[in-house]
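Take a look at the structure below.
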Amino acid sequence: MGVAVTGIERLDLGEVPYEEAVEEMADWVVRRREGRIRDRLALLTHPPVITYGSRTPPAELPAGPTVPLVAVDRGGQATYHGPGQLIGYLVLNLRERGPGDIVRWVENGLIDACAALGFETVRRDTPPGAQSLVGVWTPDGRKLVSIGMRIRGGVTSHGFALNITSDLVEFTRFTACGLPDVTMTSLAELAAEAGRPAPSEKEVRDAVAQALGAR
């Protein structure tokens, strides 16, 4: 893809409130642009929250929200974050890393991570004029990972949300990812269908970090 996969610092955090994490990430972006920190992958979780972009139609948001709603400055539409979901925030200086499709690189890296955990997943191309299909999917069309990134001044922010043991009911309370017919899934659901235990959060963190070259 032309995007280097080495030299990324891995930062493991616990549960961080969404607004606090975004504020901290904005500081990382400034410091990365100034060369004061390395490229960084932060792995964390959020308390329950639904985030949505400026282009999200109000009709796609829950009519009676049971969790906080927060407007965001990343790409993508509305999505849910909560316990049992691994969040990955990527702060990468693309001017130093060379040309390449960073979103596809993230998709392919997460597909590799899922494969290492024993799950087959795929990426999907978006038809012209259609709602974005960026993310990681099961072969039968369920969505496992949502991706929404922002690039400003050559530095990325935001990243991805991978469902491990997420409460999938929460995704049915609104139009997830701008796709009315999308069915979200989790590693726990896929593992149960295969008759085996779900991977632990630590196992998922390690697989994701390894696939994206973060240490």
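Predicted model, so just to flag it, every value in this text is computed and none were measured. Residue numbers count from 1 along this sequence.
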Apply side chain to side chain contact (heavy atoms under 4.5 Å, CB included) to the pair Leu190 and Thr138, showing each step before the final yes or no.
CA-CA 9 Å; Leu190 299 178; Thr138 61; 3.9 Å; yes

Is there a side-chain contact between Asp206 and Arg10, using heavy atoms and a 4.5 Å cut-off?
yes

CD of Gln210: more than 12 outside heavy atoms within 6.0 angstrom?
no

Give a yes or no on whether Leu41 and Ile37 share a hydrophobic cluster (residues Ile, Leu, Val, Met, Phe, Trp, Tyr; joining criterion: side-chain heavy atoms under 4.5 Å apart).
no

Test Arg152 against Val29 for side chain to side chain contact (heavy atoms under 4.5 Å, CB included), laying out the working first.
CA-CA 9 Å; Arg152 176 165 289 186; Val29 169; over 6 Å; no

With a 4.5 Å cut-off on side-chain heavy-atom distances among I, L, V, M, F, W and Y, is there a chain of contacts connecting Leu187 to Ile87?
no

Can Trp105 and Leu212 be said to form a side chain to side chain contact (heavy atoms under 4.5 Å, CB included), step by step?
CA-CA 9 Å; Trp105 175 77; Leu212 295 178; 4.0 Å; yes

Go through it in stages, so that I can follow the logic: the residues are Arg74 and Thr51, the test is side-chain hydrogen bond (donor to acceptor under 3.5 Å, both in side chains), and I'd like the CA-CA distance, side-chain angles, deciding distance and then a yes or no.
CA-CA 10 Å; Arg74 54 150 174 83; Thr51 65; 2.8 Å; yes

Looking at CG of Leu168 and CD of Gln85, how far apart are the two atoms once the value is rounded to the nearest 0.5 Å?
10.0 Å

Any idea which heavy atoms bring Ala113 and Ala207 closest together, and the distance?
CB-O, 3.6 Å

What's the separation between atom CH2 in Trp137 and atom OG1 in Thr183, rounded to the nearest 0.5 Å?
9.0 Å

Does Arg196 CZ have over 12 foreign heavy atoms under 6.0 Å away?
yes

Please work out whether the ring planes of Tyr89 and His46 are parallel, tilted or perpendicular, with thresholds of 30° and 60°.
tilted

Between atom CG of Leu133 and atom NZ of Lys143, what is the distance when rounded to the nearest 0.5 Å?
7.5 Å

Could you check whether any side-chain N or O of Ser200 sits under 3.5 Å from a backbone N or O of Glu203, counting only pairs where one atom can act as donor and the other as acceptor?
yes

Side-chain contact, heavy-atom cut-off 4.5 Å: Val182 with Phe171?
no

Determine whether Val106 and Val103 make a side-chain contact, defined as any pair of heavy atoms from C-beta on separated by less than 4.5 Å.
no

Please check: side-chain N/O of Glu107 versus main-chain N/O of Arg123, any donor-acceptor pairing under 3.5 Å?
no

Using a strict cut-off of less than 4.0 Å between a Lys/Arg side-chain nitrogen and an Asp/Glu carboxylate oxygen, indicate whether Arg142 and Glu193 qualify as a salt bridge.
yes

Flag side-chain contact, heavy atom, 4.5 Å: Gln77 against Pro57
yes

Regarding Thr45 and Glu15, do their side chains bring together a donor and an acceptor under 3.5 Å, going by distance alone?
no

Within one Ile-Leu-Val-Met-Phe-Trp-Tyr cluster: Ile151 and Val134, side-chain cutoff 4.5 Å
yes

With the threshold set at 4.0 Å, does a side-chain nitrogen-carboxylate oxygen contact exist between Arg32 and Glu96?
yes

Count I, L, V, M, F, W, Y as connected when their side-chain heavy atoms are under 4.5 Å apart, and connections chain through other members. Are Val204 and Val136 then in the same cluster?
yes

Which atom names give the shortest non-hydrogen contact between Ser186 and Ile164, and what distance separates them?
CB-O, 3.4 Å

How close do Pro139 and Thr121 get, heavy atom to heavy atom, and via which atoms?
CD-CA, 4.5 Å

Ion pair check, Arg36 and Asp27, cut-off under 4.0 Å
no

Drop me the distance from Leu44's CG to Glu24's CD, to the nearest 0.5 angstrom.
11.0 Å

Any donor and acceptor pair, going by atom type alone, linking the side chain of Asn163 with main-chain N or O of Ser166 inside 3.5 Å?
no

Which heavy atom of Ala188 sits nearest to which heavy atom of Thr165, and what is that distance?
CB-CG2, 3.9 Å

I need the minimum non-hydrogen distance between Leu13 and Trp28, along with the two atoms involved.
CD1-CH2, 4.3 Å

For Leu144 and Cys114 the tightest heavy-atom approach is CD2-SG, 3.7 Å

May I ask you to test the Leu90-His158 pair for a side-chain heavy-atom distance under 4.5 Å?
no

Is there a side-chain hydrogen bond (donor to acceptor under 3.5 Å, both in side chains) between Thr185 and Glu189 once you walk through the steps?
CA-CA 6 Å; Thr185 190; Glu189 183 174 73; 2.5 Å; yes

Can you tell me how far the CG atom of Leu43 sits from the CZ atom of Phe160, to the nearest 0.5 Å?
6.0 Å

Hey, could you give me the CG/CD1 distance between Leu11 and Ile8, rounded to the nearest 0.5 Å?
13.0 Å

Is any side-chain heavy atom of Val208 less than 4.5 Å from a side-chain heavy atom of Leu110?
yes

Qualifying residue, where the test is salt bridge (Lys or Arg N to Asp or Glu O under 4.0 Å) with Glu9 and the options are Arg38, Arg215, Arg40:
Arg40

Could you tell me if the side chain of Asn93 sits less than 4.5 Å from the side chain of Arg33, heavy atoms only?
no

Is there a side-chain contact between Asp39 and Val91 (heavy atoms, below 4.5 Å)?
no

For Thr175 and Gln131: C-alpha separation, side-chain torsions, deciding distance, then whether side chain to side chain contact (heavy atoms under 4.5 Å, CB included) applies.
CA-CA 12 Å; Thr175 304; Gln131 178 61 43; over 6 Å; no

Report whether Tyr52 and Val70 are members of the same hydrophobic cluster (ILVMFWY, side-chain heavy atoms less than 4.5 Å apart, transitive linking).
no

